[in-house]
Amino acid sequence: MGHRVGVYRRMDRRDMGETTEKKAAVVTGVAGFVGSHLASRLLELGFGVVGVDNLFSGKLENIRSMQGRPGFSFYRRSVTEPGLLPQLKAEHPHLNYCFHLAAIVSVPYSLDHPQETMDTNCTAVVEMLRQAEALGFRAFVFAGSAAEYGTDQRLPLLEEYADDDTVHLSPYGLAKYLASRQVGRSPIGVSLRCFNIYGPLQDPSSPYSGVISRFIRMASRGEPITIFGDGLQTRDFVYVSDVVEGYLRVACPDPSHPEIQPGVYNIGRGIGTSILDLAALIRELTRSSSKLSFLEERAGDIRHSRADISALERATRWRPRVDLADGLARTIEWMQGTRD
Ligand code: UD1
(Lines give C-alpha, C1' and ligand atoms only; values in the text may rest on other atoms or scores of the structure.)
Protein backbone atom coordinates (compact mmCIF):
# COMPACT_ATOMS: atom_id res chain seq x y z
CA MET A 1 0.00 0.00 0.00
CA GLY A 2 1.18 3.54 -0.60
CA HIS A 3 3.14 2.33 -3.66
CA ARG A 4 2.99 4.92 -6.41
CA VAL A 5 3.38 4.29 -10.09
CA GLY A 6 5.02 6.81 -12.37
CA VAL A 7 1.82 8.38 -13.64
CA TYR A 8 3.28 11.76 -14.42
CA ARG A 9 5.54 12.76 -17.24
CA ARG A 10 8.67 14.51 -16.03
CA MET A 11 8.01 18.18 -16.10
CA ASP A 12 10.36 21.05 -15.53
CA ARG A 13 9.21 23.48 -12.89
CA ARG A 14 9.36 26.23 -15.51
CA ASP A 15 6.55 24.39 -17.33
CA MET A 16 4.29 25.59 -14.56
CA GLY A 17 5.47 29.20 -14.87
CA GLU A 18 7.43 29.12 -11.66
CA THR A 19 8.65 32.45 -10.43
CA THR A 20 10.69 33.31 -7.38
CA GLU A 21 7.45 33.82 -5.44
CA LYS A 22 6.91 31.13 -2.83
CA LYS A 23 3.84 29.08 -3.67
CA ALA A 24 1.67 27.25 -1.24
CA ALA A 25 -1.68 25.63 -1.80
CA VAL A 26 -4.58 24.44 0.29
CA VAL A 27 -5.89 21.17 -1.09
CA THR A 28 -9.25 20.22 0.39
CA GLY A 29 -10.24 16.59 -0.02
CA VAL A 30 -6.52 15.80 0.13
CA ALA A 31 -7.06 12.21 1.29
CA GLY A 32 -9.39 11.47 -1.61
CA PHE A 33 -8.54 9.80 -4.89
CA VAL A 34 -7.86 12.93 -6.96
CA GLY A 35 -6.85 15.22 -4.06
CA SER A 36 -4.00 12.94 -3.02
CA HIS A 37 -2.63 12.78 -6.58
CA LEU A 38 -2.85 16.55 -6.87
CA ALA A 39 -1.12 17.18 -3.54
CA SER A 40 1.68 14.81 -4.40
CA ARG A 41 2.23 16.55 -7.74
CA LEU A 42 2.20 20.00 -6.12
CA LEU A 43 4.88 18.87 -3.67
CA GLU A 44 6.99 17.60 -6.58
CA LEU A 45 6.68 21.02 -8.19
CA GLY A 46 7.95 22.74 -5.06
CA PHE A 47 4.66 23.98 -3.63
CA GLY A 48 3.96 23.93 0.06
CA VAL A 49 0.76 21.94 0.58
CA VAL A 50 -1.74 22.32 3.40
CA GLY A 51 -4.05 19.35 3.08
CA VAL A 52 -7.56 19.34 4.58
CA ASP A 53 -9.84 16.32 4.85
CA ASN A 54 -12.44 15.19 7.37
CA LEU A 55 -11.87 11.54 6.30
CA PHE A 56 -15.57 11.05 5.61
CA SER A 57 -14.68 9.32 2.35
CA GLY A 58 -10.95 10.11 2.11
CA LYS A 59 -8.39 7.64 3.44
CA LEU A 60 -5.26 8.35 5.44
CA GLU A 61 -3.41 5.67 3.47
CA ASN A 62 -3.69 7.92 0.40
CA ILE A 63 -1.55 10.61 2.04
CA ARG A 64 0.75 8.43 4.13
CA SER A 65 3.60 8.83 1.64
CA MET A 66 3.35 12.64 2.00
CA GLN A 67 3.08 12.87 5.76
CA GLY A 68 6.38 13.91 7.27
CA ARG A 69 7.62 15.31 3.97
CA PRO A 70 8.86 18.91 4.19
CA GLY A 71 6.26 21.34 2.94
CA PHE A 72 3.26 19.11 3.72
CA SER A 73 0.86 19.54 6.60
CA PHE A 74 -2.45 17.85 7.20
CA TYR A 75 -5.55 19.11 9.01
CA ARG A 76 -8.39 16.77 9.82
CA ARG A 77 -11.11 19.38 9.45
CA SER A 78 -14.40 19.82 7.65
CA VAL A 79 -14.74 22.44 4.94
CA THR A 80 -18.09 23.38 6.47
CA GLU A 81 -16.32 24.84 9.55
CA PRO A 82 -16.67 28.61 9.46
CA GLY A 83 -13.45 30.62 9.13
CA LEU A 84 -11.33 27.65 8.09
CA LEU A 85 -9.34 29.39 5.36
CA PRO A 86 -8.41 32.48 7.44
CA GLN A 87 -7.19 30.15 10.21
CA LEU A 88 -5.02 28.20 7.79
CA LYS A 89 -3.68 31.41 6.27
CA ALA A 90 -2.78 32.71 9.75
CA GLU A 91 -0.73 29.56 10.35
CA HIS A 92 0.71 29.41 6.80
CA PRO A 93 1.07 33.00 5.57
CA HIS A 94 2.43 31.96 2.15
CA LEU A 95 -0.81 30.27 1.16
CA ASN A 96 -1.98 31.73 -2.14
CA TYR A 97 -3.77 28.93 -4.02
CA CYS A 98 -6.80 26.89 -3.07
CA PHE A 99 -7.79 23.65 -4.79
CA HIS A 100 -11.20 22.79 -3.44
CA LEU A 101 -11.93 19.11 -4.01
CA ALA A 102 -13.61 18.15 -0.73
CA ALA A 103 -17.19 17.05 -1.34
CA ILE A 104 -19.90 14.55 -0.67
CA VAL A 105 -18.90 12.37 -3.60
CA SER A 106 -21.69 9.82 -3.76
CA VAL A 107 -24.73 10.62 -5.86
CA PRO A 108 -26.95 8.05 -4.06
CA TYR A 109 -25.85 9.44 -0.66
CA SER A 110 -26.81 12.92 -1.87
CA LEU A 111 -30.34 11.69 -2.64
CA ASP A 112 -30.68 10.48 0.97
CA HIS A 113 -28.95 13.55 2.48
CA PRO A 114 -29.92 16.57 0.36
CA GLN A 115 -29.33 19.21 3.02
CA GLU A 116 -25.91 17.93 4.01
CA THR A 117 -24.99 17.78 0.32
CA MET A 118 -26.08 21.37 -0.32
CA ASP A 119 -24.18 22.54 2.77
CA THR A 120 -20.95 20.78 1.80
CA ASN A 121 -21.00 20.87 -2.00
CA CYS A 122 -22.41 24.37 -2.42
CA THR A 123 -22.67 26.66 0.63
CA ALA A 124 -19.22 25.76 2.00
CA VAL A 125 -17.65 26.22 -1.44
CA VAL A 126 -19.11 29.68 -1.92
CA GLU A 127 -18.01 30.66 1.58
CA MET A 128 -14.47 29.40 1.01
CA LEU A 129 -14.32 31.24 -2.33
CA ARG A 130 -15.35 34.47 -0.57
CA GLN A 131 -12.62 33.93 2.03
CA ALA A 132 -10.00 33.21 -0.66
CA GLU A 133 -10.90 36.45 -2.44
CA ALA A 134 -10.71 38.43 0.81
CA LEU A 135 -7.33 36.88 1.68
CA GLY A 136 -5.87 37.82 -1.71
CA PHE A 137 -5.43 34.28 -3.05
CA ARG A 138 -4.25 34.06 -6.66
CA ALA A 139 -6.51 31.20 -7.65
CA PHE A 140 -9.45 29.20 -6.34
CA VAL A 141 -9.90 26.02 -8.34
CA PHE A 142 -13.02 23.95 -7.77
CA ALA A 143 -13.86 20.36 -8.71
CA GLY A 144 -17.08 20.60 -10.68
CA SER A 145 -18.79 17.59 -12.20
CA ALA A 146 -20.31 16.29 -15.41
CA ALA A 147 -23.40 15.75 -13.24
CA GLU A 148 -23.99 19.51 -13.62
CA TYR A 149 -25.44 18.72 -17.08
CA GLY A 150 -28.24 16.65 -15.56
CA THR A 151 -30.25 14.88 -18.25
CA ASP A 152 -28.88 16.94 -21.17
CA GLN A 153 -28.11 14.65 -24.12
CA ARG A 154 -26.74 17.21 -26.61
CA LEU A 155 -23.31 15.69 -27.20
CA PRO A 156 -20.57 16.67 -26.90
CA LEU A 157 -21.58 18.68 -23.84
CA LEU A 158 -20.60 22.34 -24.03
CA GLU A 159 -20.08 24.33 -20.85
CA GLU A 160 -22.95 26.69 -21.68
CA TYR A 161 -25.49 23.82 -21.78
CA ALA A 162 -25.64 23.68 -17.99
CA ASP A 163 -27.84 26.61 -17.06
CA ASP A 164 -30.72 27.50 -14.79
CA ASP A 165 -33.12 25.38 -16.89
CA THR A 166 -31.06 22.21 -16.50
CA VAL A 167 -32.93 19.34 -14.90
CA HIS A 168 -30.59 17.82 -12.32
CA LEU A 169 -30.97 14.20 -11.29
CA SER A 170 -29.61 14.63 -7.77
CA PRO A 171 -28.79 17.18 -5.06
CA TYR A 172 -25.19 16.33 -5.96
CA GLY A 173 -25.59 17.66 -9.52
CA LEU A 174 -27.56 20.71 -8.44
CA ALA A 175 -25.09 21.67 -5.68
CA LYS A 176 -22.10 21.26 -7.99
CA TYR A 177 -23.83 23.37 -10.66
CA LEU A 178 -24.64 26.22 -8.28
CA ALA A 179 -21.14 26.21 -6.79
CA SER A 180 -19.48 26.11 -10.23
CA ARG A 181 -21.57 29.02 -11.42
CA GLN A 182 -20.48 31.10 -8.46
CA VAL A 183 -16.80 30.09 -8.75
CA GLY A 184 -16.73 30.80 -12.49
CA ARG A 185 -17.89 34.36 -11.87
CA SER A 186 -15.05 35.17 -9.48
CA PRO A 187 -11.92 36.91 -10.82
CA ILE A 188 -9.83 34.17 -9.17
CA GLY A 189 -12.24 31.28 -9.75
CA VAL A 190 -11.99 28.30 -12.07
CA SER A 191 -14.33 25.32 -11.98
CA LEU A 192 -13.24 22.17 -13.78
CA ARG A 193 -16.21 19.98 -14.60
CA CYS A 194 -14.73 16.53 -14.27
CA PHE A 195 -16.09 13.66 -16.34
CA ASN A 196 -15.35 10.04 -15.35
CA ILE A 197 -11.93 10.07 -13.67
CA TYR A 198 -10.05 6.81 -13.09
CA GLY A 199 -6.59 5.62 -12.13
CA PRO A 200 -4.49 4.33 -9.24
CA LEU A 201 -5.79 5.02 -5.70
CA GLN A 202 -9.44 4.83 -6.79
CA ASP A 203 -11.17 2.61 -4.25
CA PRO A 204 -12.94 -0.36 -5.88
CA SER A 205 -14.66 -1.62 -2.76
CA SER A 206 -18.03 0.14 -2.67
CA PRO A 207 -21.02 -0.50 -4.93
CA TYR A 208 -20.77 3.21 -5.86
CA SER A 209 -17.08 3.06 -6.79
CA GLY A 210 -16.13 4.06 -10.31
CA VAL A 211 -16.91 1.43 -12.91
CA ILE A 212 -13.28 0.99 -13.98
CA SER A 213 -11.96 0.12 -10.53
CA ARG A 214 -14.90 -2.26 -10.04
CA PHE A 215 -14.44 -4.00 -13.40
CA ILE A 216 -10.68 -4.45 -12.89
CA ARG A 217 -11.28 -6.02 -9.51
CA MET A 218 -13.97 -8.37 -10.80
CA ALA A 219 -11.92 -9.34 -13.87
CA SER A 220 -8.77 -9.93 -11.80
CA ARG A 221 -10.68 -12.23 -9.45
CA GLY A 222 -12.45 -14.08 -12.23
CA GLU A 223 -15.80 -12.92 -10.83
CA PRO A 224 -18.70 -12.02 -13.15
CA ILE A 225 -18.47 -8.44 -14.44
CA THR A 226 -21.72 -6.68 -13.55
CA ILE A 227 -23.24 -4.64 -16.37
CA PHE A 228 -26.11 -2.38 -15.28
CA GLY A 229 -28.65 -2.25 -18.13
CA ASP A 230 -27.65 -3.15 -21.69
CA GLY A 231 -24.09 -1.81 -21.39
CA LEU A 232 -24.54 0.50 -24.38
CA GLN A 233 -24.48 3.59 -22.19
CA THR A 234 -21.33 5.64 -22.76
CA ARG A 235 -18.95 7.63 -20.56
CA ASP A 236 -16.00 9.94 -21.13
CA PHE A 237 -13.15 8.38 -19.14
CA VAL A 238 -10.16 10.53 -18.26
CA TYR A 239 -6.99 9.42 -16.51
CA VAL A 240 -6.17 11.03 -13.18
CA SER A 241 -2.80 12.50 -14.20
CA ASP A 242 -4.48 14.36 -17.06
CA VAL A 243 -6.96 15.83 -14.59
CA VAL A 244 -4.17 16.84 -12.20
CA GLU A 245 -2.36 18.50 -15.09
CA GLY A 246 -5.58 20.40 -15.89
CA TYR A 247 -5.85 21.66 -12.30
CA LEU A 248 -2.28 22.91 -12.45
CA ARG A 249 -2.67 24.57 -15.84
CA VAL A 250 -5.70 26.60 -14.86
CA ALA A 251 -4.16 27.74 -11.58
CA CYS A 252 -0.57 28.30 -12.64
CA PRO A 253 -0.46 28.94 -16.35
CA ASP A 254 2.79 28.64 -18.25
CA PRO A 255 4.84 31.74 -19.15
CA SER A 256 3.16 32.10 -22.54
CA HIS A 257 -0.29 32.11 -20.90
CA PRO A 258 0.48 34.00 -17.71
CA GLU A 259 -3.01 34.93 -16.58
CA ILE A 260 -5.45 32.52 -15.02
CA GLN A 261 -8.65 32.47 -17.03
CA PRO A 262 -11.57 32.44 -14.67
CA GLY A 263 -14.55 30.43 -15.75
CA VAL A 264 -16.01 26.96 -16.00
CA TYR A 265 -14.31 24.30 -18.12
CA ASN A 266 -15.00 20.69 -18.94
CA ILE A 267 -12.22 18.21 -18.33
CA GLY A 268 -12.53 14.82 -19.96
CA ARG A 269 -11.01 13.18 -23.02
CA GLY A 270 -13.81 14.09 -25.40
CA ILE A 271 -14.35 10.43 -26.34
CA GLY A 272 -17.32 8.28 -25.40
CA THR A 273 -16.75 4.60 -24.57
CA SER A 274 -19.56 2.15 -23.99
CA ILE A 275 -19.58 0.08 -20.82
CA LEU A 276 -19.57 -3.10 -22.93
CA ASP A 277 -16.44 -1.99 -24.81
CA LEU A 278 -14.85 -1.07 -21.50
CA ALA A 279 -15.59 -4.51 -20.08
CA ALA A 280 -14.11 -6.18 -23.19
CA LEU A 281 -10.93 -4.10 -22.96
CA ILE A 282 -10.48 -4.84 -19.27
CA ARG A 283 -11.05 -8.57 -19.81
CA GLU A 284 -8.41 -8.52 -22.53
CA LEU A 285 -5.86 -6.51 -20.53
CA THR A 286 -6.28 -8.66 -17.42
CA ARG A 287 -6.43 -11.88 -19.51
CA SER A 288 -9.59 -12.65 -17.61
CA SER A 289 -12.21 -15.23 -18.44
CA SER A 290 -14.85 -13.47 -16.31
CA LYS A 291 -18.33 -13.68 -17.73
CA LEU A 292 -20.60 -10.67 -18.15
CA SER A 293 -23.59 -10.53 -15.82
CA PHE A 294 -26.41 -8.23 -16.98
CA LEU A 295 -28.32 -6.61 -14.12
CA GLU A 296 -31.12 -4.06 -13.82
CA GLU A 297 -30.27 -0.58 -15.13
CA ARG A 298 -29.16 1.68 -12.26
CA ALA A 299 -31.72 4.26 -11.12
CA GLY A 300 -30.82 7.79 -12.23
CA ASP A 301 -28.19 6.56 -14.70
CA ILE A 302 -27.41 8.98 -17.51
CA ARG A 303 -27.46 7.32 -20.94
CA HIS A 304 -24.58 9.10 -22.66
CA SER A 305 -21.96 11.54 -21.41
CA ARG A 306 -19.14 13.11 -23.42
CA ALA A 307 -17.36 16.41 -22.94
CA ASP A 308 -16.45 19.10 -25.40
CA ILE A 309 -12.96 19.90 -24.15
CA SER A 310 -12.05 22.64 -26.62
CA ALA A 311 -12.55 25.53 -24.17
CA LEU A 312 -9.91 24.24 -21.76
CA GLU A 313 -7.56 23.46 -24.64
CA ARG A 314 -7.93 26.99 -25.99
CA ALA A 315 -7.53 28.65 -22.60
CA THR A 316 -4.53 26.69 -21.34
CA ARG A 317 -3.19 24.49 -24.17
CA TRP A 318 -3.94 21.51 -21.94
CA ARG A 319 -4.42 18.22 -23.82
CA PRO A 320 -5.30 14.80 -22.41
CA ARG A 321 -2.22 12.61 -22.95
CA VAL A 322 -3.17 9.19 -21.63
CA ASP A 323 -5.44 7.09 -23.82
CA LEU A 324 -7.83 4.57 -22.36
CA ALA A 325 -5.78 1.41 -23.02
CA ASP A 326 -2.66 2.96 -21.52
CA GLY A 327 -4.51 4.36 -18.51
CA LEU A 328 -6.22 1.03 -17.90
CA ALA A 329 -2.89 -0.82 -18.10
CA ARG A 330 -1.40 1.53 -15.49
CA THR A 331 -4.43 1.19 -13.23
CA ILE A 332 -4.39 -2.60 -13.53
CA GLU A 333 -0.68 -2.66 -12.69
CA TRP A 334 -1.34 -0.64 -9.56
CA MET A 335 -4.41 -2.60 -8.46
CA GLN A 336 -2.79 -5.97 -9.01
CA GLY A 337 0.42 -4.83 -7.33
CA THR A 338 -1.18 -3.60 -4.16
CA ARG A 339 -4.68 -4.91 -3.71
CA ASP A 340 -4.86 -8.51 -4.73
C1 UD1 B 1 -19.59 9.42 -12.30
C2 UD1 B 1 -19.10 9.82 -10.95
C3 UD1 B 1 -20.06 10.77 -10.31
C4 UD1 B 1 -20.25 11.95 -11.24
C5 UD1 B 1 -20.65 11.48 -12.63
C6 UD1 B 1 -20.66 12.64 -13.57
C7 UD1 B 1 -17.82 7.96 -10.08
C8 UD1 B 1 -17.79 6.84 -9.12
N9 UD1 B 1 -18.98 8.63 -10.13
O10 UD1 B 1 -20.85 8.77 -12.20
O11 UD1 B 1 -19.53 11.23 -9.09
O12 UD1 B 1 -21.30 12.75 -10.76
O13 UD1 B 1 -19.71 10.55 -13.11
O14 UD1 B 1 -20.77 12.19 -14.88
O15 UD1 B 1 -16.84 8.28 -10.71
N16 UD1 B 1 -21.71 0.45 -14.23
C17 UD1 B 1 -21.90 -0.88 -14.56
N18 UD1 B 1 -21.45 -1.83 -13.69
C19 UD1 B 1 -20.83 -1.52 -12.51
C20 UD1 B 1 -20.64 -0.16 -12.18
C21 UD1 B 1 -21.10 0.80 -13.04
O22 UD1 B 1 -22.47 -1.20 -15.61
O23 UD1 B 1 -20.45 -2.45 -11.78
C24 UD1 B 1 -22.17 1.48 -15.16
C25 UD1 B 1 -23.12 2.47 -14.51
O26 UD1 B 1 -24.42 2.00 -14.54
C27 UD1 B 1 -22.90 3.70 -15.39
C28 UD1 B 1 -21.43 3.59 -15.83
O29 UD1 B 1 -21.04 2.25 -15.56
O30 UD1 B 1 -23.72 3.65 -16.52
C31 UD1 B 1 -20.52 4.51 -15.07
O32 UD1 B 1 -20.78 4.36 -13.69
P33 UD1 B 1 -19.89 5.05 -12.54
O34 UD1 B 1 -18.46 4.73 -12.75
O35 UD1 B 1 -20.51 4.74 -11.26
O36 UD1 B 1 -19.96 6.60 -12.89
P37 UD1 B 1 -21.21 7.60 -13.20
O38 UD1 B 1 -22.49 7.05 -12.78
O39 UD1 B 1 -21.04 8.02 -14.62
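Whatever order the structure lists ligands and atoms in, that order sets their numbers, starting from 1. Side chains are part of it too, since the values below use all heavy atoms of this structure and drop only hydrogens, waters and symmetry mates.
Shortest contact from atom 3 (C) of ligand 1 to any protein heavy atom: V107 CG2, 4.4 Å. Of all protein heavy atoms, the one lying nearest to atom 39 (O) of ligand 1 is R235 NE, 2.7 Å. Nearest protein neighbour of atom 36 (O) of ligand 1, counting heavy atoms only, is N196 ND2, 3.2 Å. Residue, atom and distance of the protein heavy atom nearest to atom 18 (N) of ligand 1 are T226 O, 2.7 Å. D301 OD2, 2.7 Å is the protein heavy atom nearest to atom 26 (O) of ligand 1. Protein heavy atom nearest atom 7 (C) of ligand 1, with residue, atom name and distance: G210 CA, 4.3 Å. In this structure, atom 22 (O) of ligand 1 lies nearest to the protein heavy atom F228 N, 2.9 Å. For atom 14 (O) of ligand 1, the closest non-hydrogen atom on the protein side is A146 CB, 3.2 Å.
Taking a cutoff of 4.0 Å between a charged side-chain nitrogen and a carboxylate oxygen, R321 and D326 do not qualify as a salt bridge. The pair R130-E127 meets the salt-bridge criterion, since a charged nitrogen lies less than 4.0 angstrom from a carboxylate oxygen. A salt bridge is defined here as a Lys NZ or Arg NE, NH1 or NH2 lying under 4.0 Å from an Asp or Glu carboxylate O, and D203 with R214 fails to meet this definition. In this structure, R64 does not pair ionically with E61, as no charged nitrogen and carboxylate oxygen lie closer than 4.0 Å.
Contacts between I197 and ligand 1 below 4.0 angstrom, taking non-hydrogen atoms only, are absent altogether. Under 4.0 Å from ligand 1, not a single heavy atom of K176 appears. At a heavy-atom cutoff of 4.0 Å, ligand 1 is contacted by the side chain of Y172 but not by its backbone. Contact annotation for S106 and ligand 1: no heavy atom of the residue comes within less than 4.0 Å of the ligand.
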For I104 and Y109, run side chain to side chain contact (heavy atoms under 4.5 Å, CB included): C-alpha distance rounded to whole Å, both residues' side-chain angles, the deciding distance at 0.1 Å, then the answer.
CA-CA 8 Å; I104 302 285; Y109 183 92; 3.5 Å; yes
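With sequence neighbours excluded, the residues that form a side-chain contact (heavy atoms from CB on, under 4.5 Å) with N54 are F56, S78. Listed by chain and residue number, E148, S191 satisfy the side chain to side chain donor-acceptor pair (under 3.5 Å) test with S180 (two or more places apart in sequence, or in another chain).
Here the two rings, on F195 and F237, have centers that are 6.0 Å apart or farther.
Side-chain atoms of I282 and L328, non-hydrogen and from C-beta on, do get closer than 4.5 Å to each other. Between L278 and F215, the closest side-chain pair of non-hydrogen atoms falls below 4.5 Å.
Contact detail for S145 and Y172: the closest heavy-atom pair is OG-CE2, 3.5 Å.
Considering backbone and side-chain N/O of I275, none are found under 3.5 Å from N/O of ligand 1. For ligand 1, one of its N or O atoms has an N or O atom of V211 under 3.5 Å away. Taking distance alone, with nitrogen or oxygen atoms compared against 3.5 Å, S145 approaches ligand 1 more closely than that limit. Polar contact check, R298 against ligand 1: a nitrogen or oxygen pair lies under 3.5 Å apart.
Contact annotation: Y149 has no heavy atom less than 4.0 Å from any atom of ligand 1.
Annotation for ligand 1: atoms under 4.0 Å from non-hydrogen atoms of V105 are 11 (O). Under a 4.0 Å criterion applied to the non-hydrogen atoms of F215, ligand 1 contributes the atoms 18 (N), 19 (C), 23 (O). Using a 4.0 Å cut-off to heavy atoms of Q233, the atoms of ligand 1 that qualify are 24 (C), 26 (O), 30 (O). Atoms of ligand 1 lying under 4.0 Å from any heavy atom of I227, numbered from 1 in the order shown and given with element: 22 (O).
Cation-pi geometry between R193 and Y149 is met: the NZ or CZ atom falls under 6.0 Å from the ring centre, inside 45° of the normal. Geometrically, R154 engages Y161 in a cation-pi contact, judged by NZ or CZ lying under 6.0 Å from the ring centre and within 45° of the ring axis.
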